[in-house]
Peer 1: 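Once you've had a glance at the structure underneath, I'll fire off some questions.
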Amino acid sequence: MSYPILAGKTGIVFGVANRRSIAWGIAQAWAEAGAKLIFNYQGERIKDNVEELAATFGPDTMLHPCDVSSDAEIDSFFDFVQSKTSTVDLLLHSVAFAPKEALEGRFIDTSREAFRMAHDISAYSLVGVTRKAVPLMPHGGSIVTMSYYGAEKVVPHYNVMGVAKAALEASVRYLAADLGRQKIRVNAISAGPVNTLAARGISGFTKMLNHYEKNSPTGRNVTLAELGAAGVFLASDAAASITGQTLYVDGGYSIMGMNHPE
Ligand code: NAD
Ligand code: 0WE
């Protein structure tokens, strides 16, 4: 058998809630490629879920709570990481949140507080966790975050999340510029819609999946395994000269200039 592409690497995974999470798809692919992983979980409510999933990689798979809206929890998470390993090679950031009401009406009605929360949790948190990860990456590393097409084009009801994803993608570029000489790369994967917990809170999501199926060059929706494979690529030395980018893993949906009529 050939040497697994991420053998000997240690990765941090932010954003597993359950087995449908994009973070879980990428974590499985990273583990399959030989990486050892450390997971966060957002709060006690989902601890058991994440514990059970993490345990599929062995009973001693590490996890620790971290709500990314708290600097104190980010600090305590990285204290935990440092107590378990001297270096880290990979970091996945797969976290987003906006108050539900902000994803329903018109963008113009976004409250100051909803705007603040969406940007804090969905964009600033990448900067916060990256700053803490860098000292643990003395030999370089790869940081991957998750974005969506609503960052660059108006997608009905995506609203303030689209603005926060634009900030996230710009943060990827600025972080990549800061960290390139330290051999740390930072990229985003812009995924087509996936039926996750975060997506199921959205009214009309099934319609959106059908729309993508009909209008994507591939004629189908993206799978967790395909997002995992893209995550492995960006994490690996095959992507050594790729940094600051947004890689579309959306069946080609975003290249189309016109939708299927009706
Ligand atoms: P998910 O609900 O499985 O994952 C979202 C995660 O964010 C959860 O694990 C949740 O615990 C975490 N989170 C939210 N607020 C947090 C906080 N304050 N502190 C720590 N963690 C917090 O849903 P998902 O669809 O897998 O979302 C993961 C990422 O993928 C998000 O960035 C999302 O924007 C992005 N994305 C999703 C889709 C889609 O269609 N599902 C498409 C493109 C991009
Ligand atoms: O990034 C996302 C969704 C992120 C998300 C989801 C929720 C639902 C529950 C952020 N915050 C919340 N808050 C909640 O209370 N996606 C890319 C999936 C998504 O969400 C949409 C989409 C797509 C695609 C919302 C409207 C339109 C399209």
Side-chain angles (χ1 to χ4, degrees), residues 12-27 39-47 49-50 53 63-74 77 92-107 110 114 117-126 128-129 144-151 153-169 171-172 188-212 221-224 226-228 230-231 246-251 253-254:
I12 297 175
V13 174
F14 282 99
V16 176
N18 58 40
R19 65 186 65 252
R20 302 187 125 173
S21 294
I22 290 172
W24 180 241
I26 294 176
F39 294 87
N40 93 312
Y41 57 92
Q42 189 190 350
E44 289 307 308
R45 208 167 34 84
I46 61 169
K47 179 181 181 183
N49 244 336
V50 181
L53 290 171
L63 71 167
H64 196 77
C66 184
D67 183 319
V68 298
S69 66
S70 157
D71 285 340
E73 290 200 23
I74 292 177
F77 179 82
L92 175 67
H93 173 278
S94 182
V95 170
F97 181 80
K100 191 167 170 50
E101 65 273 12
L103 302 175
E104 286 169 346
R106 301 200 306 163
F107 172 68
T110 307
M117 271 186 101
H119 283 72
D120 182 19
I121 296 169
S122 315
Y124 174 75
S125 65
L126 175 69
V129 301
V144 177
T145 187
M146 298 307 305
S147 194
Y148 176 63
Y149 188 47
K153 290 286 195 282
V154 173
V155 173
H157 304 303
Y158 199 59
N159 295 358
V160 73
M161 271 308 308
V163 181
K165 291 299 192 190
L168 179 74
E169 291 181 9
S171 300
V172 162
I189 292 174
S190 185
V194 183
N195 201 359
T196 61
L197 186 65
R200 245 163 309 150
I202 311 297
S203 70
F205 198 78
T206 306
K207 262 181 130 173
M208 201 171 337
L209 288 170
N210 292 334
H211 174 86
Y212 266 73
N221 282 293
V222 63
T223 65
L224 282 187
E226 290 165 343
L227 293 172
T246 299
L247 176 63
Y248 276 81
V249 182
D250 68 343
Y253 179 87
S254 58

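Whatever order the structure lists them in is the order used to number ligands and atoms, beginning at 1. Quick caveat, the model's predicted, so the values are computed rather than measured.
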Peer 1: Short question: side chain of Gln42, backbone of Asp67 - any donor-acceptor pair under 3.5 Å?
Peer 2: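 Checked: no pair found.
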
Peer 1: Taking 4.0 angstrom as the limit and counting only heavy atoms of Lys100, give me the atoms of ligand 2 inside it, by number and element.
Peer 2: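 With Lys100 as reference, the close atoms of ligand 2 come out as 15 (O).
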
Peer 1: How far is atom 41 (N) of ligand 1 from its nearest protein heavy atom, and which residue and atom name does that atom have?
Peer 2: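 Answer, as residue, atom name and distance: Val194 O, 3.0 Å.
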
Peer 1: At the 4.0 Å heavy-atom cut-off, does Lys165 count as touching ligand 1?
Peer 2: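 So Lys165 counts as touching ligand 1.
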
Peer 1: Strictly distance-based, threshold 3.5 Å: is any side-chain N or O of Ser122 a donor or acceptor partner for the main-chain N or O of His119?
Peer 2: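 Looks like no, no N/O pair under 3.5 Å.
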
Peer 1: Looking only at heavy atoms of Ser147, does any of them come nearer than 4.0 Å to an atom of ligand 1?
Peer 2: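 Yes, that is the case, since the closest heavy atom of the residue is under 4.0 Å from the ligand.
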
Peer 1: Tell me the contacting part of Arg20 for ligand 1: side chain, backbone, both, or neither, using a 4.0 Å heavy-atom threshold, strictly below.
Peer 2: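 Under 4.0 Å from ligand 1, Arg20 contributes no heavy atoms.
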
Peer 1: In the protein, what heavy atom is nearest to atom 2 (O) of ligand 1, and what distance, to one decimal place, separates them?
Peer 2: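 Closest protein heavy atom to atom 2 (O) of ligand 1: Ala198 N, 3.2 Å.
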
Peer 1: N/O of Thr196 under 3.5 Å from N/O of ligand 1, yes or no?
Peer 2: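 Right, the criterion is met.
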
Peer 1: Give a yes or no answer on whether the side chain of Lys100 reaches the backbone of Gly201 with a donor-acceptor pair at less than 3.5 Å.
Peer 2: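 Checking the backbone N and O of Gly201 against the side chain of Lys100, a donor-acceptor pair under 3.5 Å is found.
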
Peer 1: State the atoms of ligand 1, each with its element, that fall below the 4.0 Å cut-off from a heavy-atom position in Gly192.
Peer 2: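 What qualifies from ligand 1 is 42 (C).
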
Peer 1: Tell me the closest heavy-atom pair linking Pro193 and Val222, and the distance in Å.
Peer 2: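 Closest pair (atom of Pro193, atom of Val222, distance): O-CG1, 4.1 Å.
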
Peer 1: Measure from atom 21 (N) of ligand 1 to every heavy atom in Met161, Gln42, Met117 and give the option owning the shortest one.
Peer 2: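 The residue whose heavy atom sits nearest atom 21 (N) of ligand 1 is Gln42.
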
Peer 1: Which bit of Pro156 gets closer than 4.0 Å to ligand 2, counting heavy atoms only: side chain, backbone, both or neither?
Peer 2: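 The answer is the backbone of Pro156.
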
Peer 1: Out of curiosity, Arg19 CZ to Thr196 OG1, how far, rounded to the nearest 0.5 Å?
Peer 2: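 Taking CZ in Arg19 and OG1 in Thr196, the distance rounds to 14.5 Å.
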
Peer 1: Please identify which atoms of ligand 1 are closer than 4.0 Å to at least one heavy atom of Leu197.
Peer 2: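 By the 4.0 Å cutoff, the relevant atoms are 2 (O).
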
Peer 1: Any atoms of ligand 2 less than 4.0 Å from a non-hydrogen atom of Leu103? List them with their elements.
Peer 2: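 Numbered from 1, ligand 2 contributes 7 (C), 11 (N), 12 (C).
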
Peer 1: Using atom types as modelled and distance alone, determine if a side-chain donor or acceptor of Thr246 lies under 3.5 Å from a backbone N or O of Ala188.
Peer 2: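 It does not hold such a pair.
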
Peer 1: Please state which part of Val95 comes within less than 4.0 Å of ligand 1, counting heavy atoms only: side chain, backbone, both or neither.
Peer 2: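 Both of them.
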
Peer 1: Please work out, at 4.0 Å between heavy atoms, whether the side chain, the backbone, both, or neither of Tyr149 comes within that distance of ligand 1.
Peer 2: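 Neither part.
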
Peer 1: Mind running side-chain contact (heavy atoms from CB on, under 4.5 Å) on Trp24 and Phe39 for me, showing each step along the way?
Peer 2: CA-CA 10 Å; Trp24 180 241; Phe39 294 87; 4.1 Å; yes

Peer 1: Below 4.0 angstrom from a heavy atom of Ser21, which ligand 1 atoms are there? Numbered from 1 as shown, please.
Peer 2: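 This gives 1 (P), 3 (O), 26 (O) as the contact atoms.
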
Peer 1: Nearest heavy atom to atom 37 (C) of ligand 1: which of Ile22, Thr145, Asp67 does it belong to?
Peer 2: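 It is Ile22 whose heavy atom sits nearest to atom 37 (C) of ligand 1.
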
Peer 1: Does Ser21 use its side chain to pair, donor to acceptor, with the backbone of Ala23 at less than 3.5 Å?
Peer 2: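 Side chain of Ser21 to backbone of Ala23, a donor-acceptor pair under 3.5 Å: no, none is there.
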
Peer 1: Determine, stepwise, if the pair Ile46 / Asn18 fulfils side-chain contact (heavy atoms from CB on, under 4.5 Å).
Peer 2: CA-CA 8 Å; Ile46 61 169; Asn18 58 40; over 6 Å; no

Peer 1: To check your reading of the model: name the closest protein heavy atom to atom 6 (C) of ligand 2, its residue, and the distance in Å.
Peer 2: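 The protein heavy atom lying closest is Ala198 O, 3.2 Å.
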
Peer 1: Among all protein heavy atoms, pick the one closest to atom 28 (C) of ligand 1 and tell me residue, atom and distance.
Peer 2: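 Heavy-atom neighbour on the protein nearest atom 28 (C) of ligand 1: Ser94 OG, 3.0 Å.
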
Peer 1: For Ile74 and Cys66, run side-chain contact (heavy atoms from CB on, under 4.5 Å): C-alpha distance rounded to whole Å, both residues' side-chain angles, the deciding distance at 0.1 Å, then the answer.
Peer 2: CA-CA 6 Å; Ile74 292 177; Cys66 184; 3.9 Å; yes

Peer 1: Considering only protein heavy atoms, which is closest to atom 13 (N) of ligand 2, and at what distance to one decimal place?
Peer 2: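 The closest heavy atom on the protein side is Ala98 O, 2.7 Å.
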
Peer 1: Donor-acceptor check, side chain of Asn40 to backbone of Pro65, threshold 3.5 angstrom: yes or no?
Peer 2: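 Not a single qualifying donor-acceptor pair exists.
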
Peer 1: Starting from atom 23 (C) of ligand 2, locate the nearest protein heavy atom and write down its residue, its atom name and how far away it is, to 0.1 Å.
Peer 2: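 In this structure, atom 23 (C) of ligand 2 has Phe205 CE1, 3.8 Å as its nearest protein heavy atom.
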
Peer 1: For ligand 2, which atoms have a heavy atom of Met208 less than 4.0 angstrom away?
Peer 2: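 Going through ligand 2 atom by atom, the ones under 4.0 Å from Met208 are 22 (C), 24 (C), 27 (C), 28 (C).
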
Peer 1: Where the closest heavy atom to atom 20 (C) of ligand 1 is concerned, which of Cys66, Ser125, Pro193 has it?
Peer 2: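 Considering heavy atoms of Cys66, Ser125, Pro193, the nearest to atom 20 (C) of ligand 1 sits in Cys66.
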
Peer 1: Could you check which of Tyr212, Tyr148, Tyr149 puts a non-hydrogen atom nearest to atom 24 (C) of ligand 2?
Peer 2: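 Result: the heavy atom closest to atom 24 (C) of ligand 2 is in Tyr148.
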
Peer 1: If the contact criterion is a heavy-atom separation under 4.0 Å, does Phe205 count as touching ligand 1?
Peer 2: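 Judged by the 4.0 Å heavy-atom criterion, Phe205 does count as contacting ligand 1.
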
Peer 1: Find all atoms of ligand 1 within a distance of less than 4.0 Å from any non-hydrogen atom belonging to Met146, and give their numbers and elements.
Peer 2: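 Near Met146, the atoms of ligand 1 are 29 (C), 30 (O), 32 (O), 35 (C).
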
Peer 1: What's the verdict on side-chain contact (heavy atoms from CB on, under 4.5 Å) for Ile22 and Val194, showing C-alpha distance, side-chain angles and the deciding distance?
Peer 2: CA-CA 8 Å; Ile22 290 172; Val194 183; 4.1 Å; yes

Peer 1: Can you label the angle between the Tyr158 ring and the Tyr148 ring as parallel, tilted or perpendicular, going by 30° and 60°?
Peer 2: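 Tyr158 vs Tyr148 ring planes: perpendicular.
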
Peer 1: Between Tyr149 and Tyr248, what is the ring plane arrangement, given parallel below 30°, perpendicular above 60°, and tilted in between?
Peer 2: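 Aromatic pair Tyr149/Tyr248 classed perpendicular.
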
Peer 1: Run the numbers for me: atoms of ligand 1, each under 4.0 Å from some heavy atom of Ala17, listed by number.
Peer 2: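 It comes down to these atoms of ligand 1: 8 (C), 9 (O).
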
Peer 1: Among all protein heavy atoms, pick out the one at the shortest distance from atom 19 (N) of ligand 1; state its residue, atom name and that distance to 0.1 Å.
Peer 2: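 Nearest neighbour among protein heavy atoms for atom 19 (N) of ligand 1, to 0.1 Å: Val68 N, 2.9 Å.
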
Peer 1: Around atom 31 (C) of ligand 1, find the nearest protein heavy atom and jot down its residue, atom name and distance.
Peer 2: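 Ranked first by proximity to atom 31 (C) of ligand 1 is Ala96 CB, 3.6 Å.
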
Peer 1: When you compare ligand 1 with Ala191, is there at least one nitrogen or oxygen pair between them that comes in under 3.5 angstrom?
Peer 2: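 For ligand 1, there is no N or O atom that lies under 3.5 Å from one belonging to Ala191.
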
Peer 1: Please determine whether a side-chain nitrogen of the Lys or Arg among Lys165 and Glu169 lies less than 4.0 Å from a carboxylate oxygen of the Asp or Glu.
Peer 2: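 No salt bridge links Lys165 with Glu169.
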
Peer 1: Thr145 side chain to His93 main-chain N or O, any donor-acceptor pair under 3.5 Å?
Peer 2: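 Present.
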
Peer 1: Looking only at protein heavy atoms, which one is nearest to atom 16 (N) of ligand 2, and how far off is it?
Peer 2: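 Heavy-atom neighbour on the protein nearest atom 16 (N) of ligand 2: Tyr158 CE1, 3.6 Å.
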
Peer 1: What are the two closest heavy atoms between Ala17 and Val50, and how far apart are they?
Peer 2: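 Heavy-atom minimum between the residues: O-CG2, 4.3 Å.
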
Peer 1: Determine whether the side chain, the backbone, both or neither of Val16 has a heavy atom under 4.0 Å from any heavy atom of ligand 1.
Peer 2: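 Contact part for Val16 vs ligand 1: backbone (N, CA, C, O).
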
Peer 1: Below 4.0 angstrom from a heavy atom of Gly15, which ligand 1 atoms are there? Numbered from 1 as shown, please.
Peer 2: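 What qualifies from ligand 1 is 4 (O), 6 (C), 8 (C), 9 (O).
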
Peer 1: Distance alone, cut at 3.5 Å: any donor-acceptor contact between the side chains of Tyr253 and His211?
Peer 2: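 The criterion, which ignores hydrogens and geometry beyond distance, is satisfied for His211 and Tyr253.
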
